[in-house]
There are 2 protein chains.
Amino acid sequence: MSMVFAKMFLSGQTGDMTTRRERLRAATYEEIKTAALAQITAVGGSSLSLRGVAREIGMSPAGLYRYYDGRDELLTDLITDAYNDLATTVESAMDAGGDSMHDRFAEGMRAYRRWGLEFPNRFLLIFGTPIPGYEAPEAGSTVEGNRRMGEAFFAVGAEAWRRGQLSVPTSARTATKGERDLAFEIDPQMPPQLVPVMLGTWAHFHGLVTLEVLGQFQWLYGDRSDVLFESEIERLLAGIGLMI
Amino acid sequence: MSMVFAKMFLSGQTGDMTTRRERLRAATYEEIKTAALAQITAVGGSSLSLRGVAREIGMSPAGLYRYYDGRDELLTDLITDAYNDLATTVESAMDAGGDSMHDRFAEGMRAYRRWGLEFPNRFLLIFGTPIPGYEAPEAGSTVEGNRRMGEAFFAVGAEAWRRGQLSVPTSARTATKGERDLAFEIDPQMPPQLVPVMLGTWAHFHGLVTLEVLGQFQWLYGDRSDVLFESEIERLLAGIGLMI
DNA sequence: CATGGTATGCGAGCACTGTTCACAATGTCA
DNA sequence: TGACATTGTGAACAGTGCTCGCATACCATG
């Protein structure tokens, strides 16, 4: 919707050269995506129905193929959006953590969880069972959001390390080439042992969120799973040296 | 399945009292489940096709309804199997860990991961996006495998605690009623603070396995993700006091 | 053994899905 | 205005889960 107005706003300017048709087309794209997003939010990605969104926006099913080359392409678009939405949510939450590395981490994780609980079907669209037939385009737009989120977490980790707040583990094994390369890319001085620790930390709270989204803590915590998450955050951050 | 036993129970008593019909019926059940399992292993649960398994075993689609009351019931049966299969796998792997609590934990987690990587589609059948329309029967058979696995892990944790090998966290918060009740049920002396720690530990390696099954570590580790998992196991066990 | 009831299987059909294709209407531009 | 590209449609095809009525096999009982 806002996209529509943005397009119309831009149409007045010189460089954009939007014809009437292009504006209509952009609006239709938005309409399709809005309807599809609503359907996914309600019933989940695997039961997204092309004919359903066609019905919703008052278009024939065949007409949708002028915009998306089938169901998978529409899904890819929505997965991309979900990734980016989650990424920006986490990023801005981290900024709200202020100058404390502990708080930046904690706020990022809380935002991750909140987003997952608010949009469980979109969360599972990203981290649940892959839609059959859907294949993530290699180095495509869906991995972009993934990269952004990883970058955000690694950035905070690197800064915490620079400040000497991160305890470097005395690892029993030598780092892999990938770990060394990545660490060097983030900060040439950063010890590669921190890479698996950061990934493991992500896996830790990601596992908590996943299981909670799937309702696996319901039997024990009911609607009070937040106390589990909060205590785990503290334990997890203490594990890498970031005391409260 | 339960229907068969009910019939046998009603018709006579001792289990060997099988008529020709009942034997055929049991065999057909097995054939259906085998075909369905093969299909799920290959293409995933959400694209399990009733007509497909009917074709596979040379039966009409309608005939299947004499055995399963629709697709969801067939899926429920396979989910139950997957749960129990994973549970027994983990249980027996733990036993292979011998007397060391560290090793029992580690072997259990490794078995969890191995099973997930060997049967990714069955793993996602349990821990991925729930099949639309499928609802876990309340206190039904699917939660049984879940309970078994939780029990196995909690048992090892409790034993480690009894031996004084588990570091009890100085938690900042008071335990919830559920945590206290569960701890008391496991061992009346066990500190309730250990409950969230055990659950968080499960979430930690579950997150690692989930992300690996979904291929999220591929870009960094390729086919060598095991080094990440192994170092995380050690870090995770050290976190609860179980040194190597 | 014969018979009646039951368990099992099948074909046809319904409502739905994603997708393709020929065709008509509409917007854009020389 | 005429030529062309863009957009939308209805019909159709193959696939799905599922229901129903009908036929056949089985099995316990008279």
Side-chain angles (χ1 to χ4, degrees), chain A residues 7-8 11 16-32 35-36 39-40 43-78 131-135, chain B residues 1-13 16-32 35-36 39-40 43-78 131-135:
Chain A
K7 275 281 175 191
M8 289 168 64
S11 74
D16 236 29
M17 186 74 179
T18 60
T19 73
R20 165 177 167 73
R21 228 196 227 149
E22 280 166 350
R23 270 178 289 131
L24 285 181
R25 185 170 183 82
T28 307
Y29 263 118
E30 278 314 304
E31 205 176 353
I32 294 175
Q39 201 171 321
I40 279 188
V43 298
S46 75
S47 26
L48 168 68
S49 156
L50 263 190
R51 296 185 107 101
V53 324
R55 246 186 324 262
E56 174 83 17
I57 67 174
M59 198 184 210
S60 81
L64 282 182
Y65 281 77
R66 299 288 179 200
Y67 294 86
Y68 287 98
D69 199 24
R71 210 186 81 123
D72 283 5
E73 202 173 291
L74 175 54
L75 267 173
T76 303
D77 212 359
L78 293 164
I131 293 336
Y134 166 78
E135 202 66 36
Chain B
M1 178 100 71
S2 54
M3 201 130 163
V4 177
F5 291 120
K7 274 287 168 190
M8 287 167 61
F9 197 69
L10 287 176
S11 68
Q13 47 273 24
D16 293 55
M17 191 70 172
T18 59
T19 74
R20 166 178 165 75
R21 246 221 278 254
E22 281 166 349
R23 268 178 292 127
L24 285 181
R25 185 170 183 82
T28 308
Y29 263 117
E30 279 314 304
E31 206 177 352
I32 294 175
Q39 202 172 319
I40 278 188
V43 297
S46 74
S47 25
L48 168 68
S49 156
L50 264 190
R51 298 183 105 102
V53 322
R55 245 186 325 260
E56 174 84 17
I57 68 174
M59 198 184 210
S60 82
L64 282 183
Y65 282 78
R66 300 287 180 199
Y67 295 86
Y68 288 98
D69 198 25
R71 209 186 82 123
D72 283 5
E73 200 173 292
L74 175 54
L75 267 174
T76 302
D77 212 0
L78 293 165
I131 297 323
Y134 166 78
E135 203 65 36

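The sequence lines fix the lettering, A, B, ..., with proteins before strands; numbering per chain opens at 1.
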Interatomic spacing from [atom1] in [X] to [atom2] in [Y] - rounded to 0.5 Å:
X: B:Ser60; Y: B:Arg55; atom1: OG; atom2: CZ; answer: 12.5 Å
X: B:Ile32; Y: B:Leu64; atom1: CD1; atom2: CG; answer: 5.0 Å
X: B:Met59; Y: B:Thr28; atom1: CE; atom2: OG1; answer: 6.0 Å
X: A:Ile40; Y: A:Leu74; atom1: CD1; atom2: CG; answer: 7.0 Å

(message) Strictly distance-based, threshold 3.5 Å: is any side-chain N or O of B:Arg71 a donor or acceptor partner for the main-chain N or O of B:Leu50?
(response) no
Between B:Arg66 and B:Ser49, the residue closer to the 5' end of DNA chain D by nearest nucleotide is B:Ser49
Could you tell me whether B:Leu48 contacts a base, only the sugar-phosphate backbone, or nothing, with contacts defined as non-hydrogen atoms closer than 4.0 Å? sugar-phosphate
Q) Which part of the nucleic acid, if any, lies within contact of A:Tyr68, taking any heavy atom under 4.0 Å across all strands shown: a base, the sugar-phosphate backbone alone, or nothing? A) nothing
I'd like to check the side chain to side chain contact (heavy atoms under 4.5 Å, CB included) partners of [X]; sequence neighbours left out, ordered by chain and number.
X: A:Tyr29; result: A:Arg25, A:Tyr67, A:Tyr68
X: B:Glu56; result: B:Ala35
X: A:Glu31; result: A:Ile57

Note: chain A reaches DNA chain D at heavy-atom distances under 4.0 Å over the stretch, first to last nt, 5' to 3', of D:dA5 to D:dA12
So, with a heavy-atom separation below 4.0 Å from DNA chain C, the residues of residues 51-64 of chain B are B:Arg51, B:Met59, B:Ser60, B:Ala62
Write down the distance between [atom1] ([X]) and [atom2] ([N]), rounded to a whole number of angstrom.
X: A:Arg71; N: C:dC16; atom1: CZ; atom2: P; answer: 18 Å
X: B:Leu50; N: C:dC14; atom1: CG; atom2: P; answer: 21 Å
X: A:Asp72; N: C:dT17; atom1: CG; atom2: P; answer: 17 Å

Atom pairs, N/O to N/O, protein against nucleotides 25-28 of chain C, distance under 3.5 Å?
unit_1, atom_1, unit_2, atom_2, d
C:dG27, N3, A:Arg21, NH2, 3.0
C:dT28, OP1, A:Arg20, N, 3.2
C:dT28, OP1, A:Arg21, N, 2.8

For A:Gln39 and A:Ser49, the nearest pair of non-hydrogen atoms, with its separation, is NE2-N, 2.8 Å
When every non-hydrogen atom of A:Ala36 is compared with those of A:Leu78, the smallest separation belongs to CB-CD1, 3.6 Å
